[in-house]
S.K.: 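One structure coming up, written as structure tokens, with questions to follow.
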Amino acid sequence: MATQEDNLFKNVIAHAKEYGFIFPSSEIYDGLSAVYDYGQNGAELKNNLKEYWWKFMTLLHDNIVGIDAAIFMHPTTWKASGHVDAFNDPMIDNKDSKKRYRADVLVEDAITKMEDKIEKEVEKAAKRFGDSFNRETFVTTNARVLEYQKKIDETNARLKDAMGSGNMAAMKQLIVDLDIADPISGTKNWTDVRQFNLMFSTEIGSLADEANKIYLRPETAQGIFVNFLNVQKTGRMKIPFGIAQIGKAFRNEIVARQFIFRMREFEQMEMQFFIKPGEEMKWYEYWKAKRMKWHQTLGLGSDNYRFHDHLNLAHYANAACDIQFNFPMGFKELEGIHSRTDFDLKNHEKYSGKKLQYFDSDDNQSYIPYVVETSVGLDRLFLSVLSKAYTEEKLEDGSDRVVLRIPAPLAPHKVAILPLMKKDGLPEKAEAIMNELKYDLRCFYEEKDAIGRRYRRQDAIGTPYCITVDHQTLEDDTVTIRDRDTMKQERVKIADVKAKLIDVCSINNLLRKI
RNA sequence: GCGGGAGUAGCUCAGUUGGUAGAGCGAUAGCCUUCCAAGCUAUAGGUCGCGGGUUCGAGCCUCGUCUCCCGCUCCA
């Protein structure tokens, strides 16, 4: 199914490599799975996206400041955050169906089934006894129900024990004892339970032992939480306020695919907004709306975004949703907005023994602030721009054109400066114009090949404007500006070029539209 | 990780029953040319993903391995 879209996605990936946006990591050694490098054009586009986000957060909100925390953090950080537990998934495969499951989820499903059986007994009894039925008495006295309940309690205890100790053999035994069958194949032909740790680890210092083990951060948020008091005190921040950060995070995904959508090393742009407890839903809604507006202002088409509420909340959240984008492979998460309550600060307080509270002079009391988080995957944002910008066109004259309709403020190069011919002083004139523009606009100079071919090459890397220097330029100091999207040309005075281009290519102007 | 498919020049691909690697486009240099990729000339690029095996001889057969794509799973 969707072969046309699959092809489109493949073409986007091929185009990204061919035109210097994204290369497979260490490609000469056959690459490294799910790791990619940004090329000369990709790095520019990515930096522009960062600037758009960073300025929106820190320039346009006087109560948000930015930090840049280290990737390495004290190991206890990840115990407090819950990642040591939550990122250790026990997995088991059914040898017949070849499907993989989380072992703890299988056990939980089995427990649910037993609970259903109790409910059935209750329903049957309720029918039998009519009005005189008392649920409380029934479930505490009925032999069959008590037996089920005993089994449930026992299973829960064993599950908790196995998960807590990381005893995978006990987990396997639990699945065997519960007689769990694969819902697909119906067989009980299981592999051993294996632990997958989603955090990368290494050692600090020269001793490679467990005591020196540290992790590469699986999310950037904790760097903000552990610095909450530092920033609040040194910046004299008053609640509500936010801390923003752009940085790398690492996850050892079991399967990481779909190009840069899911990578083992990726970049997040996160903002943690600290608020008074009880006001979280107000701010949650506020940031949902703000972030959606920010995305839509990029101009990739408002229809390509939608909210998706989380039904199963993560261990830290009391409300959560995604902003999804219409990627080539369908609507997928682009940004997460989470109401994290006081989970993180409370736990850091507990594990560190340091008070992480805010004294609110409005009502003279200290409290652990609640947090609303906005978290964009920068690489996903990049993919959203690239995949929507990529367009294959059939022109009226029958020729083909591939054009990246990247929003002008994000484009790697803002303008290409092209002498029509490589003689008659045209290159010199073009160079003079470039020297005028290059301090304000990223320029690309090219004099080789026919002009039409040069235009197409600029289309392929998304340069929004081409300035062509022709013989008339030498006479009256005018040039033509060719528009990437319409392919139309307009003749303007050299003196007017700079202001005209800066106006449409500036990130600051884009920010004004939010 | 498991199952399925793929890997030959920068790109798209051809390569016969095993006989020692080609094309188009692109790139580079030069010529020609006043506006939307296809004018002319020349040049450079490949131990055929990598490593064993069979064979007189392997791009082709065989085994292993790596990477990519699709599905299962997970997530920003």
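Heavy-atom basis, side chains included; hydrogens, waters and symmetry copies ignored. A, B, ... follow the sequence lines: proteins, then strands. Residue 1 opens every chain. Predicted model only: the values in this text are computed from it and were never measured.
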S.K.: Could you give the CZ-to-C1' distance, from Phe250(A) to rA76(B), as a whole number of Å?
M.R.: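 About 14 Å, once rounded to whole Å.
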
S.K.: For atom P, what is the distance between rC60(B) and rG52(B), given to the nearest Å?
M.R.: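 It comes out at 14 Å once rounded to the nearest Å.
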
S.K.: For Glu285(A), what residues pass the side-chain hydrogen bond (donor to acceptor under 3.5 Å, both in side chains) criterion, not counting sequence neighbours?
M.R.: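 So Glu285(A) forms no side-chain hydrogen bond (donor to acceptor under 3.5 Å, both in side chains) with any residue.
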
S.K.: Using a 4.0 Å heavy-atom cut-off, does Leu334(A) contact any base of the nucleic acid, only the sugar-phosphate backbone, or nothing at all?
M.R.: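 Answer is sugar-phosphate: Leu334(A) comes under 4.0 Å of backbone atoms only.
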
S.K.: Not counting sequence neighbours, which residues clear side-chain hydrogen bond (donor to acceptor under 3.5 Å, both in side chains) with Lys46(A)? List them please.
M.R.: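 If we apply the side-chain hydrogen bond (donor to acceptor under 3.5 Å, both in side chains) test to Lys46(A), skipping adjacent residues, the hits are Glu267(A).
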
S.K.: Going by side-chain hydrogen bond (donor to acceptor under 3.5 Å, both in side chains), name the residues that satisfy it together with Lys288(A), two or more places apart in sequence or in a different chain.
M.R.: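 Here no residue qualifies.
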
S.K.: Let me check something: any side-chain donor-acceptor pairs from residues 299-309 of chain A under 3.5 Å, sequence neighbours excluded? List them with distances.
M.R.:
from      : atom 1 : to        : atom 2 : distance (Å)
Asn304(A) : OD1    : Asn326(A) : ND2    : 3.3
Asn304(A) : ND2    : Leu300(A) : O      : 2.8
Tyr305(A) : OH     : His295(A) : O      : 3.4
Arg306(A) : NE     : Gln324(A) : OE1    : 2.8
Arg306(A) : NH2    : Gln324(A) : OE1    : 3.1

S.K.: Could you list the residues that satisfy side chain to side chain contact (heavy atoms under 4.5 Å, CB included) with Asp179(A), not counting sequence neighbours?
M.R.: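 Only Lys188(A) meet the side chain to side chain contact (heavy atoms under 4.5 Å, CB included) criterion with Asp179(A).
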
S.K.: Surrounding CZ of Arg401(A) (heavy atoms of other residues, nucleotides or ligands, distance under 6.0 Å), is the total greater than 12?
M.R.: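 Yes - once you tally the heavy atoms of other residues, nucleotides and ligands closer than 6.0 Å, there are more than 12.
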
S.K.: Can you tell me which stems RNA chain B forms when a stem means 3 or more consecutive Watson-Crick or G-U pairs under 3.5 Å?
M.R.: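 RNA chain B stems, ordered by first number: B:1-7 with B:66-72, B:10-13 with B:22-25, B:27-31 with B:39-43, B:49-53 with B:61-65.
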
S.K.: Using the C1' atom as the point on both nucleotides, what is the distance between rC11(B) and rA27(B), in whole Å?
M.R.: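 Here rA27(B) and rC11(B) have their C1' atoms 11 Å from each other.
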
S.K.: Give the rounded distance in Å between these two atoms: CG of Asn252(A) and C1' of rC74(B).
M.R.: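 Interatomic distance, CG of Asn252(A) to C1' of rC74(B): 12 Å.
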
S.K.: When you measure from the side chain of Tyr36(A), which nucleotide among rA76(B), rC69(B), rC11(B) comes out closest?
M.R.: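 Nearest to the side-chain atoms of Tyr36(A), counting from C-beta on, is rC69(B).
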
S.K.: Mind checking what makes salt bridge (Lys or Arg N to Asp or Glu O under 4.0 Å) contact with Lys113(A), not counting sequence neighbours?
M.R.: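 Lys113(A) satisfies salt bridge (Lys or Arg N to Asp or Glu O under 4.0 Å) with no other residue.
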
S.K.: Classify the ring geometry between Phe274(A) and Phe225(A) as parallel (under 30°), tilted (30 to 60°) or perpendicular (over 60°).
M.R.: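 Aromatic pair Phe274(A)/Phe225(A) classed perpendicular.
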
S.K.: Between rG39(B) and rA44(B), how far apart are the C1' atoms? Round to whole Å, please.
M.R.: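 Comparing C1' positions in rA44(B) and rG39(B) gives a spacing of 22 Å.
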
S.K.: Listed by chain and number, what are the side-chain hydrogen bond (donor to acceptor under 3.5 Å, both in side chains) partners of Arg491(A), not counting sequence neighbours?
M.R.: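 By the side-chain hydrogen bond (donor to acceptor under 3.5 Å, both in side chains) rule, Arg491(A) matches Asp470(A), Gln472(A), Thr478(A).
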
S.K.: With C1' as the reference atom in both, quote the distance from rC48(B) to rA21(B) in angstrom, rounded to an integer.
M.R.: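 The same atom, C1', in both gives a distance of 8 Å.
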
S.K.: Using whole Å, report how far CD of Gln324(A) lies from P of rA76(B).
M.R.: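 For the pair Gln324(A) CD and rA76(B) P, the rounded distance is 12 Å.
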
S.K.: Determine the interatomic distance between C1' on rU43(B) and the same-named atom on rU47(B); round to the nearest Å.
M.R.: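 So the two C1' atoms sit 23 Å from each other.
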
S.K.: Considering only atom P, compute the distance from rC70(B) to rU12(B) and round it to an integer number of Å.
M.R.: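 About 16 Å, rounded to a whole number of Å.
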
S.K.: Syn if the chi torsion is within 90° of 0, anti otherwise; quick check, which is rG45(B)?
M.R.: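 Nucleotide rG45(B) adopts syn.
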
S.K.: Spell out yes or no: do the side chain of Arg262(A) and the base of rC75(B) have one donor N/O and one acceptor N/O closer than 3.5 Å?
M.R.: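 When only heavy-atom distances are counted, Arg262(A) does reach the base of rC75(B) through a donor-acceptor pair under 3.5 Å.
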
S.K.: Identify, between Lys17(A) and Gly336(A), the residue whose nearest nucleotide on RNA chain B lies closer to the 5' end.
M.R.: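 Its nearest nucleotide lies further toward 5', so the answer is Lys17(A).
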
S.K.: Please encode protein proximity along nucleotides 34-41 of chain B as a string of B, S and -, counting only heavy-atom distances under 4.0 Å.
M.R.: SBBBS---

S.K.: Between Tyr215(A) and Thr77(A), do the side chains contain an N or O donor and an N or O acceptor separated by less than 3.5 Å?
M.R.: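 No pair is found: no donor N or O on one side chain lies under 3.5 Å from an acceptor on the other.
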
S.K.: Roughly, in whole Å, what's the span from CZ in Phe259(A) to C1' in rA76(B)?
M.R.: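 So the CZ-C1' distance, Phe259(A) to rA76(B), works out to 17 Å.
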
